[in-house]
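Per chain, numbering begins at 1; letters A, B, ... match sequence-line order. These values consider heavy atoms only, across backbone and side chains, with no hydrogens, waters or symmetry-generated copies.
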Amino acid sequence: MPISNNGSNPQGPTKPSTTLTENIQYAQSLFQDSQDFMVRQFTIQLTGEQAAILFLSNLTDKNALNNNVLYPLMYEKSVLSAVAISHVKKSASWDEIISAILLGSSVLFIDKKYDASILDTQGWPQRSISDPQLEASLKGGHQGFVETGSQNIALIRRFIPNLELKVKEMKVGQRGSATVTLLYLEDVIDPGILTELEERIQNIQVDAILNTGELEEYIEDNTFSPFPQFIATERPDAAASHILQGRVAIIVDRSPIALIGPTTFNSFFQSVDDYSSRWIVSSFIRSLRFLAFFIAIFLPALYIALISYNYVIIPINLILSIGASRERVPFPPFIEAILMEITLEMLREAGIRLPAPIGQTVGIVGGIVIGQAAVQAGIVSNIMVIIVAATAISSFIIPSYDMGAAIRFIRFPMMILASLFGIFGITIGFMMLMVHLITLDSLGTPYGSPYSPVRFSDWKDSVIRLPLWLMKKRPVSSNPQQLERQTPSPTKAEKGDS
Amino acid sequence: MRKLMCKIIMVMVLLSMLPGCYDHMYLEDATLILMVGLDVNKDNHLVVYSSSPVFNKDAKKKSDEFEDVSPYSLRRNRNNFDALSSGIPTGGKVQTILIGKRLLEYPGWFATLDYLFRTAEPTVTARICAAEVPLSDIFYFYPENEPLVALYVSKLIRTSNRRNITVDTTMQRLHRQFNEEGITPYISLINKDKDIEIRGTALLDKEGRFVTQLGLQETILFRFLLEENKDIATLTFPAQELHSGEQIPFINQKLSIDVVKSKTKIKTSANNGKFTFHIDLNIDASVTERTFPFQMKNQQPKVQRFINEQIKQQIEEILKKTQTHHLDPVGFGMHVRADHYRAWKKIKDRWPEAISDAEFHVTVHTKILGSGVLQ
Amino acid sequence: MNTKTKTKQQITFMQYVFLIHGMQVGIGFLTLPRELSLIAGTDGWISIIIGWLSAVIASIFIIQIMKKHPDATLPDLFKIYFGTWIGKLGTMFVVLYFMSVSFLILFSALTIIKVWLLPKTPLVILTVLILIPTYQLIRYGIRSLGRYAEIIFYISIWMIVVLTIPLNDSHWHYLRPVLKEGWYPVLLGVRTTIFSYLGFEIAFWMYPYLKSKQLATRGIILANTLTMTINLIVTIVCFVFFSQQEIVKYNWPTLSLLKVIEPNFLNRWDVIFLSSYVLIISVTWIISIFIVIQNTSNLIGNPKLEPYLLIIFIVLLITAAAFIVWTQSRLTRLTDMLTSCGLILSYAFPVVLWMYTTLFDRIFPRRTSS
């Protein structure tokens, strides 16, 4: 249902007239400077009526138009109702007709009839299904979302062929109206969450939403938090898995990323491969990720705190070697650390834009040679290089790009606190971090779950992953109506549920 | 409202950072004192020594030593070190504290260490050790294999502890020994000939004066009594009586055992102010050395009896030594207090005298686990 | 921005337990071994158990009172049973008491941190730092307090384990003979230990938020038992490690105890411990400030003012840090004063109030509770 119209219909007639030429003239006046607007006039063979097809040539699938519409009407004895197009809609409103043309459908006007038919002949350049870029998986599928909403919905439908999977459409954006689709399981999801989400989307007042990231910013709970409050995924199997757990998947047309909400802090440490590998191995890797989380945030800060304030904690042998390497460095530990960390961030950011062949070389040159040279020149100590390397590797282990970026950012305030107040500063930083996670909500559900509030039943899929046959319940955090998995819906009988 | 709050918070945070950090102590600016020494020199002045490592790779000497004669106090002395050293002296990582033997002739020297207990910064796990030579010999000694004499001494004490030939008295434990009525203090003892070596244990009286010492094997047995023995405990006995035959010159007949497990039970009984202690020592050992021919197979009970006798003798000698000197390093007083509280209350103020009148009955039970690879 | 906060926030059973327990564990257990040793010697651990009994009895009285009007807080109860004006007076006392408690706990904790970790940093800066997360937590409501107390408890369990490491070097016969001087010193020691259980009176304010009210009594007993266990472990470890003469010389025996631990990779556990300990103590002052704000807004009658009251109070705390010199003797005097007040509020008051309200209800049969 259209929320806002394209704004392209000024005070003109609202309904098409019965005269074909008037309609054509009116349409041509609206699409004045658009060279791709085509009008094809013809005679329907069977009835002899004058007809015209109006369409935008760049958005139309010419094959479908020619073979399924024009040819039957012009050369075979077909009536409009027998036109071989799957989606035909009659419309008596210029608003609808204009929107349809702008979205790629073609509109058929028949002389002396006042309602036009909107034919679904959309066809625009699109990418074929390929590997997801950010979320490569070893054992999972290699299909990622593409830029067409309908294809993405199709991919998800393949995973959940179920009547309860609802696909709700909304339009966002005044000028570049994007179709936002919500996918969810009706008998599992908490209706309150759904209403909240719909409200938020409807309240967006904006020109256009170009990609999912922008949508995310408009509907999230706390824009000031560094932590992402929606999962952004490129994988249909991940999206399907979350839908089954009682969450909503938001697909934005023209964007290859789906948003999942409500989320918890825990979800960002889960990856699709965890469920394909053996559970002991997965648990180990999961724990590794959480360890990496702490290392990435606290290691540089700890180094600064220990060297600047509380060296007594370091055992004696380590102190001597650290002291020897620090002796040559002219900067205080804080400056040294900031220098190295910022250099690393710049290297990483530069690496994104480098084409593949150069990227490898620069990586080696930047990492090894420059680092070594810096140590020998006495600008940094070798302990610092090791710490920075460990931090960088840890932050890349996190499966979610947004969460990894958040962690990389939080490091810096932590370092500042450590440089001012030592270990106590780190304690304060930890306290602030914890308080922030405790008070953060995602669509009204607590973000810190299952750690705070503590929900032991959800721990089966957190730091460790217990065998799947032990996980009989959906996670409590998304507040689902139906807690037990693998239960058919009580109201409708169907086959093939999950 | 929210935005105003955020602004206020940011301003406050920035303000708090303005004056800069206050308490920082960069590692490379610190002069880590690893070893401290207190002694009395020839002119009867109190001298404080300290040894710390030099971090600069290009420096010729690996460590820095400072000497302060007649310091006002240990705390002020730190200020004097400040003026001499190129860093800020810090006591957080002291490994060893050496007390010169001349200082141990004076009572109450422990009070000078008060600063190390009162401030939170210094460590309390430094080992305390008495030295039989003047401390200047030790502090200005540069061994070839080990660049820092401070680390050398601390490693020496640590490994000797593992072999049980000296005691493991940290500052904290010494503090406890001085503040406990039922025990007299004991600390490690080192000497320096060509190299620094461990001599055993120094026994002190309640005021800290040096009274007598225990040698290496005596210390091992002493630790059995304390139930503080660690991994390796080797006892060697002259075994003439086991060997039937002529005495071989140079190669004296010796029997050595390695004690695997030991358990000590001490029972007290009190009769009208006279205390009797029954000490029961259970040892599991294996024979590691036997420098004379001997048939182990049928004579195992004989060997066991021999070892029992030997150990009993040696322990009794140790106890007699402590008794004559009015010392109680084993802590029998604490046992009396636990089991006979009323009797303890009567004599607790003169316990060192009371123990000289006590009687000791020692029984040793050895179990030989095996004699190694050879018969 | 934030979605509409539910008008009636609720806490779960475990959160209720950890809130009460967290309030009880404050500065007390750092100094408890020394205080107890002075009075009762090594038999002090028995006093802890007796103290626990008294705390549990007083707690049960509190729950019995609250059961009569399940959704009312203490100020509401005051109004019902005493009338508006005396009720307001009572609430004012409560506000003053908790204000002083928050001052005391906050500055005592920060002073210890100053002594052990950051001697030269001005108290003001430490105060500002630690009040930032405090503000955020209280702003969000009781739900976040409950979650915070819960998670702090779980991540602090390792500290109790660490405290038992010095047991290697201990003399268990310090504890013998039991009851060496008889029962009298033990009973005297109870006076000291009951102070360490102070904090269960916050049940007066926590009870209305509890989801499953029938578990309230069980919860408060559990909280008291947790506190007792921790106090007991700490005290016994201190008693077997330090000799009796020694322990009275240390101001904070528990911290001095930790200095002794010496694993290979990490020395000086007292520094690590103390930094984590701040988190545990923070529960105490955060709850106190929360109660102050709540009851003040109740007095004034306008719940919307709560955010502003919070800011005013925080500014007050910062000013106090900046301009008053908090010496150890000042803190000790404040502690003595407050512990006497606390004694009355927590132990005597519930019993009296219960008797009063029971009589009141008999004489004036009340309508069914709101």
Side-chain angles (χ1 to χ4, degrees), chain A residues 192-193 195-197 199-200 203 218-225 262 302 305-306 309-319 417 420-456 459, chain C residues 1-6 10-12 14-15 18 110 113-114 116-118 121 125-126 128-141 143-155 259 262-279 282-283 286:
Chain A
I193 294 182
T195 346
E196 177 67 33
L197 189 57
E199 252 183 62
R200 289 192 194 179
N203 288 340
Y218 283 105
I219 57 177
E220 64 185 1
D221 289 72
N222 187 345
T223 328
F224 289 104
S225 163
L302 246 147
L306 288 183
Y309 286 85
N310 309 101
Y311 64 89
V312 287
I313 298 187
I314 311 176
I316 184 75
N317 302 326
L318 202 53
I319 279 199
L417 276 175
L420 289 175
F421 302 104
I423 289 241
F424 183 66
I426 297 185
T427 314
I428 296 285
F430 178 70
M431 192 175 167
M432 288 201 223
L433 193 64
M434 211 171 35
V435 169
H436 180 70
L437 284 175
I438 289 180
T439 57
L440 194 57
D441 279 336
S442 172
L443 282 182
T445 61
Y447 187 75
S449 163
Y451 306 112
S452 147
V454 177
R455 290 186 170 139
F456 287 114
W459 282 25
Chain C
M1 274 306 158
N2 243 333
T3 52
K4 46 189 187 304
T5 29
K6 305 185 179 55
Q10 294 197 306
I11 55 178
T12 68
M14 287 312 276
Q15 288 173 350
F18 292 131
L110 289 178
I113 299 267
K114 245 175 86 75
W116 278 69
L117 294 177
L118 295 168
T121 315
I125 295 189
L126 296 180
V128 167
L129 262 189
I130 206 141
L131 284 179
I132 298 177
T134 309
Y135 169 77
Q136 245 197 315
L137 212 48
I138 300 183
R139 189 79 176 72
Y140 194 77
R143 248 184 323 162
S144 66
L145 289 192
R147 291 179 200 164
Y148 184 70
E150 199 175 10
I151 206 172
I152 294 281
F153 178 79
Y154 286 120
I155 62 182
K259 262 178 130 174
E262 232 194 345
N264 272 330
F265 58 92
L266 217 56
N267 297 352
R268 291 302 293 275
W269 278 88
D270 52 326
V271 174
I272 303 175
F273 195 88
L274 195 57
S275 316
S276 330
Y277 191 56
V278 174
L279 295 176
S282 68
V283 178
I286 291 179

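- Side-chain contact between A:M434 and C:Y148: present, with at least one pair of heavy atoms (C-beta onward) separated by less than 4.5 Å.
- The closest side-chain heavy-atom distance from A:Y309 to A:F424 is not below 4.5 Å.
- Interface remark: A:L417 contributes side-chain atoms only to the contact with chain C (heavy atom separation under 4.5 Å).
- When C:I130, C:I11, C:T12 are compared by the number of non-hydrogen pairs under 4.5 Å with chain A, C:I130 comes out ahead.
- Tested against C:S144, the residues C:I138, C:I286, C:L137 include a single side chain to side chain contact (heavy atoms under 4.5 Å, CB included) partner, C:L137.
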*Using the side-chain contact (heavy atoms from CB on, under 4.5 Å) rule, take A:Y447 and A:D221 through it: C-alpha gap first, then chi angles, then the decisive distance, then the call.*
CA-CA 10 Å; A:Y447 187 75; A:D221 289 72; over 6 Å; no
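- Between A:N222 and A:H436, some side-chain heavy-atom pair lies under the 4.5 Å cut-off.
- For C:L110, the part sitting under 4.5 Å from any heavy atom of chain A is the side chain, from C-beta outward, and nothing else.
- Contact of A:M432 with chain C is made through backbone and side chain together, with heavy-atom distances under 4.5 Å.
- Contact of C:I155 with chain A is made through the side chain alone, with heavy-atom distances under 4.5 Å.
- When A:L433, A:L318, A:I423, A:T427 are compared by the number of non-hydrogen pairs under 4.5 Å with chain C, A:T427 comes out ahead.
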